[in-house]
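Everything on this sheet refers to the single structure shown next.
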Amino acid sequence: MQTLKNKIHQEGNVLSDNVLKVDSFLNHQIDPQLMKEIGEEFAERFQDAGITKILTIESSGIAPATMTGLVLGVPVLFARKRKSLTLSDNLYTASVYSYTKDETNDISVSKDFIQPSDIVLVIDDFLANGQAALGLIEIIKQAGASLAGVGIVIEKGFQPGGKQIRDRGIRVESLANIASLENGQVEFFKEVHA
Ligand code: 5GP
């Protein structure tokens, strides 16, 4: 998606060979126009998948997931990283290890909001080692629902998550796929991968 790649080139900060900071439009401040275009792009790519629900994880997945849900006309559910006092035991949970933060979070979703009849699209901001996406996929499995695929705003294709998930036969669509962050430069894979 060219507008997204341009934005990453203009405003992304390469913090290290592994980490890209995009706080000006995705992870802190949000660019609503770009999120709208991202939602339209995901909706187009998954339009024939029969999706009934979108599942993401707080907080940075919520904006792109919501715009996708708006276009597809389906509800958007986000997994919580901490147990809320108002959430009861009525939960599906999965453990997600974060390499960037070196911590494990139990993510949870109320059983009230995913049914076995649901066809679920997973959306997240980044795909790196795949732990967040695999946690969401695990929750869909626990619910007995179907997985339509995974939509990722920025994949870091030089890290193993994308391959690991695709190797399970799961459809992964990323809107920008980074081949390298070396020497402070963002290099994308050619469009066929992105
Ligand atoms: P994974 O579970 O695939 O290793 O990482 C996914 C999560 O880690 C994303 O939801 C995102 O919050 C965070 N993350 C991983 N790599 C990056 C990165 O390079 N930049 C930013 N801003 N977040 C990242």
Side-chain angles (χ1 to χ4, degrees), residues 1 4-31 34-35 38-39 42 54-69 76-82 92-109 120-141 147 149-168 170-189 193-194:
M1 187 181 164
L4 173 64
K5 290 188 198 172
N6 293 345
K7 191 82 166 174
I8 293 168
H9 273 313
Q10 286 156 10
E11 298 185 19
N13 283 312
V14 178
L15 291 191
S16 70
D17 285 358
N18 292 318
V19 180
L20 175 69
K21 193 171 171 183
V22 287
D23 276 8
S24 70
F25 64 91
L26 181 58
N27 288 143
H28 190 22
Q29 178 170 257
I30 307 277
D31 180 336
L34 181 63
M35 290 307 129
I38 284 170
F42 280 137
I54 293 173
L55 178 63
T56 187
I57 183 165
E58 65 176 356
S59 52
S60 295
I62 295 176
T66 301
M67 298 315 287
T68 310
V76 177
L77 180 62
F78 64 89
R80 290 190 156 133
K81 287 181 178 161
R82 273 172 202 82
Y92 297 116
T93 61
S95 280
V96 172
Y97 176 70
S98 165
Y99 290 90
T100 39
K101 294 182 184 145
D102 190 25
E103 63 182 29
T104 301
N105 284 301
D106 282 333
I107 63 166
S108 54
V109 164
V120 185
L121 172 62
V122 167
I123 297 265
D124 203 7
D125 60 339
F126 271 87
L127 178 61
N129 292 291
Q131 297 297 300
L134 288 170
L136 294 172
I137 290 166
E138 165 63 23
I139 282 174
I140 293 165
K141 201 171 146 201
L147 173 66
V150 177
I152 296 294
V153 180
I154 304 174
E155 176 173 355
K156 290 183 294 178
F158 59 91
Q159 291 182 302
K163 180 176 180 343
Q164 211 182 329
I165 295 169
R166 289 183 181 97
D167 281 352
R168 295 181 178 204
I170 295 167
R171 179 177 174 196
V172 180
E173 293 281 342
S174 52
L175 304 188
N177 195 346
I178 295 174
S180 166
L181 292 173
E182 281 171 24
N183 305 315
Q185 297 296 316
V186 181
E187 299 282 347
F188 294 105
F189 284 110
H193 296 281

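On a predicted model such as this, the values are computed, not experimentally measured, just so you know. We're numbering straight along the sequence, starting at 1. Ligands are counted one by one from 1 in listed order, and the atoms in each one are counted from 1 as well.
- For His28, the NE2 atom counts as loosely surrounded, since its 6.0 Å shell holds 12 or fewer non-hydrogen atoms of other residues, nucleotides or ligands.
- In terms of protein heavy-atom proximity, atom 13 (C) of ligand 1 is closest to Thr100 OG1, 4.3 Å.
- With hydrogens and angles disregarded, no donor-acceptor distance shorter than 3.5 Å links the side chain of Gln159 to the backbone of Leu127.
- Heavy atoms of Val19 found under 4.0 angstrom from ligand 1 belong to the backbone as well as the side chain.
- Remark: minimum distance from atom 23 (N) of ligand 1 to any protein heavy atom is reached at Phe126 CD1, 3.6 Å.
- Remark: among candidates Leu20, Val22, Val153, Leu15, the nearest residue to atom 21 (C) of ligand 1 is Leu20, based on non-hydrogen atoms.
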* **Worked check of side-chain contact (heavy atoms from CB on, under 4.5 Å) between Val120 and Ile54** => CA-CA 6 Å; Val120 185; Ile54 293 173; over 6 Å; no
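- Applying the 4.0 Å criterion to heavy atoms of Gln131 picks out, from ligand 1, the atoms 1 (P), 2 (O), 3 (O).
- Thr56 contributes a side-chain N or O that, together with a main-chain N or O of Ile123, makes up a donor-acceptor pair within less than 3.5 Å.
- Below 4.0 Å from some heavy atom of Asn18 lie the following atoms of ligand 1, by number and element: 19 (O).
- The heavy atom nearest to atom 12 (O) of ligand 1, considering only Asn129, Thr56, Asn13, Asp125, is found in Asp125.
- Side-chain atoms of Asn177 come within 3.5 Å of backbone atoms of Gly157 as a donor-acceptor pair (strictly under, hydrogens ignored).
- Side-chain contact between Leu134 and Ile165 is present, with heavy atoms from C-beta onward closer than 4.5 Å.
- Listed for the Lys81 side chain is a donor-acceptor partner under 3.5 Å among the backbone atoms of Glu58.
- If you number the atoms of ligand 1 from 1 as listed, the ones under 4.0 Å from a heavy atom of Gly130 come out as 1 (P), 2 (O), 3 (O), 4 (O).
- Nearest to atom 22 (N) of ligand 1 by heavy atom, out of Ile154, Asn27, Ile152, is Asn27.
- Close approach of ligand 1 to Ala132 is summarised as follows: ligand atoms under 4.0 Å from at least one heavy atom of the residue are 2 (O).
- The shortest N or O to N or O distance between Lys156 and ligand 1 is below 3.5 Å.
- Side-chain contact annotation: Tyr97 with Asp102, donor-acceptor N/O pair under 3.5 Å present.
- In this comparison of Gly161, Ala128, Gly162, Ser16, the heavy atom closest to atom 5 (O) of ligand 1 sits on Ala128.
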